[in-house]
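Below, each value reflects all heavy atoms present in this structure, side chains not excepted, and no hydrogens, waters or symmetry copies.
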2 protein chains.
Amino acid sequence: MTLSRLLVYQFVAKLLVMKNTEEKSKYHHGDLRETLLLVATEMLQESGIKEVSLRKLASRVGVSRTAPYHHFKDKNALLCGIAEKGFEQLHQINKCGSKLEEISVKERFYRFIHDYIQFANNNPELYELMFGRTIWKDKSSTLELRDSAYPCFQFQVDMTQEWQKQGLFNIDDNALRVSQILWGTVHGIAKLFIDGIYTDNSKIDEICDYAVRLFLSNST
Amino acid sequence: MTLSRLLVYQFVAKLLVMKNTEEKSKYHHGDLRETLLLVATEMLQESGIKEVSLRKLASRVGVSRTAPYHHFKDKNALLCGIAEKGFEQLHQINKCGSKLEEISVKERFYRFIHDYIQFANNNPELYELMFGRTIWKDKSSTLELRDSAYPCFQFQVDMTQEWQKQGLFNIDDNALRVSQILWGTVHGIAKLFIDGIYTDNSKIDEICDYAVRLFLSNST
DNA sequence: GTGATAACTAGACAGTGTCAACTTTGAGGC
DNA sequence: GCCTCAAAGTTGACACTGTCTAGTTATCAC
């Protein structure tokens, strides 16, 4: 709903900017909110969250220091906006992986673990932000962020339920709890990698292998 | 308790300073390095890493803004110093848990998981610092930090080896890899709790139960 | 056209980490 | 006991940061 309104707004804004001449005054940017999110994500991926400052962002986009405040309540809201898109991406990856019907359940389970950790590894700074306390602790998470993150969380529980039905895990176990352990595992491994404690990236496949083995040594 | 220890410590430090005359000049603090670490840890636990600034710390200790720079190269070095002590604590907890010979291996395994997550939960800000990218990424970790952290990491591998010998895990598996999965799991769950994504602390015991069950459903 | 209002700007303030230059102090060699 | 010197502590300064207030400009609805 907010998204659709946003899209309408962007469309209108672009029309307005291009209305007469392409060299229309730039006092109004036209699509500043989305541009800010894009450039901020770029800065994040390039040089880490520590280098993302509203002032640098603004100057990079070509607006004044305080312009972003008309689109985001504060810096936290901007960060939530970035994380939002991250969750949409991750959700998409999970959905794709679970759809592969030509491979066995066990392989799909491996794929989930592997793709998850790979996503974190390919987008370390984004992942750090998405699951960091900066945006989650102290109820600082935006409503929109929660709207984008919760379905992603829920999907992991749904997948676990599916795995139970297919015999990977005990059907009598509480799916939420099992999912919390599984997610904890991939999250923990991902974190240890991207935080620089596990350093040998070339071992990711092997580690995923072991994870699958430890969890499934009893099944099938 | 931390506070009382701090006060005792400061008292002793002051005693040393006042060795001869009680109104000895306070120009030299006497034990600024250790006091800084203690008070900084306090500030960290009280109100989070975001509230720990060198200037506030200095004023709280009663010295000038730049005094800490004579004992720590920069803020990062101070944070490493705090984390160092955290690792010593965690190592101690692990060692204690592994010594309980009157309970079964399986119970000791449960205790490891439980105590680990409990430690993180009791010291969320400290744990966050200890394993955060702030001090680990970009080779910013101090030599002293690594000296205190690596034995702690190694101990988890040693424990895993012990568990293998006792039949909890396949003896032929690579102990390092198994340990990486196990540690990943407890680390991930701990992080999800302290970062505010898993919110129901009352479920910690149950979650630990499930973790043990998932890993050990094949053994014994 | 005419408000109203959304979008944007500049100025200001209180923070931050850290560098350089200066002062005080205590310990060790004479 | 004095003198030196390095260690410990000081103030001033700089370049940053997020965010508030007040003012300006462009655009939309009427």
Is a donor-acceptor pair below 3.5 Å formed from side chain B:R65 to base D:dG12, judging by atom type as modelled?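 Answer is yes: a donor-acceptor pair is held.
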Report yes if a donor N or O on one partner sits less than 3.5 Å from an acceptor N or O on the other, where the partners are the side chain of B:T66 and the base of C:dT18; otherwise report no.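 Flag unset: no donor-acceptor pair detected.
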Does [X] reach the main-chain N or O of [Y] with its side chain, forming a donor-acceptor pair under 3.5 Å?
X      : Y      : result
A:T142 : A:L145 : no
A:R133 : B:G196 : no
A:K203 : A:Y198 : no
A:R65  : A:A58  : no

Rounded to whole angstroms, how far apart are [atom1] on [X] and [atom2] on [N]?
X     : N      : atom1 : atom2 : value
B:H71 : D:dA8  : NE2   : C1'   : 6 Å
A:L54 : D:dC20 : CG    : C1'   : 14 Å
B:N76 : C:dT18 : CG    : P     : 8 Å

Filtered N/O pairs between nucleotides 3-5 of chain C and protein, under 3.5 Å:
none

Indicate, with a heavy-atom threshold strictly under 4.0 Å, whether [X] touches base, sugar-phosphate, or nothing.
X     : result
A:K50 : nothing
A:K73 : nothing
B:S64 : base

Pairs where residues 73-94 of chain B contributes a residue and the test ring-ring contact (aromatic ring centres under 6.0 Å, His included) is met, not counting sequence neighbours: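 Every pair satisfying ring-ring contact (aromatic ring centres under 6.0 Å, His included) with a residue in residues 73-94 of chain B: B:F87-B:F131, B:F87-B:F153, B:H91-B:F155.
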I want to confirm an ordering. Mapping A:V63 and A:R55 to their closest nucleotides on DNA chain C, which one lands closer to the 5' end?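 Whichever sits nearer the 5' end wins; that is A:V63.
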Can you say whether the rings of B:Y127 and B:H187 are parallel (under 30°), tilted (30 to 60°) or perpendicular (over 60°)?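 Ring orientation, 0 to 90° scale: tilted.
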Would you confirm whether the ring centroid of A:F109 sits within less than 6.0 angstrom of the ring centroid of A:F169?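 Ring-ring flag for A:F169/A:F109: true, centres closer than 6.0 Å.
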What's the closest nucleotide to the side chain of B:Y69 if the choices are C:dT9, C:dG17, D:dA8?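 In terms of side-chain proximity for B:Y69, the closest of C:dT9, C:dG17, D:dA8 is C:dG17.
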Of the nucleotides C:dC8, D:dG9, C:dT16, which one has an atom closest to the side chain of A:L32?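 Shortest atom-to-atom distance from the side chain points to C:dC8.
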Contact nearer the 5' end of DNA chain D, comparing A:K56 with A:H70: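 Between the two, 5'-proximity favours A:K56.
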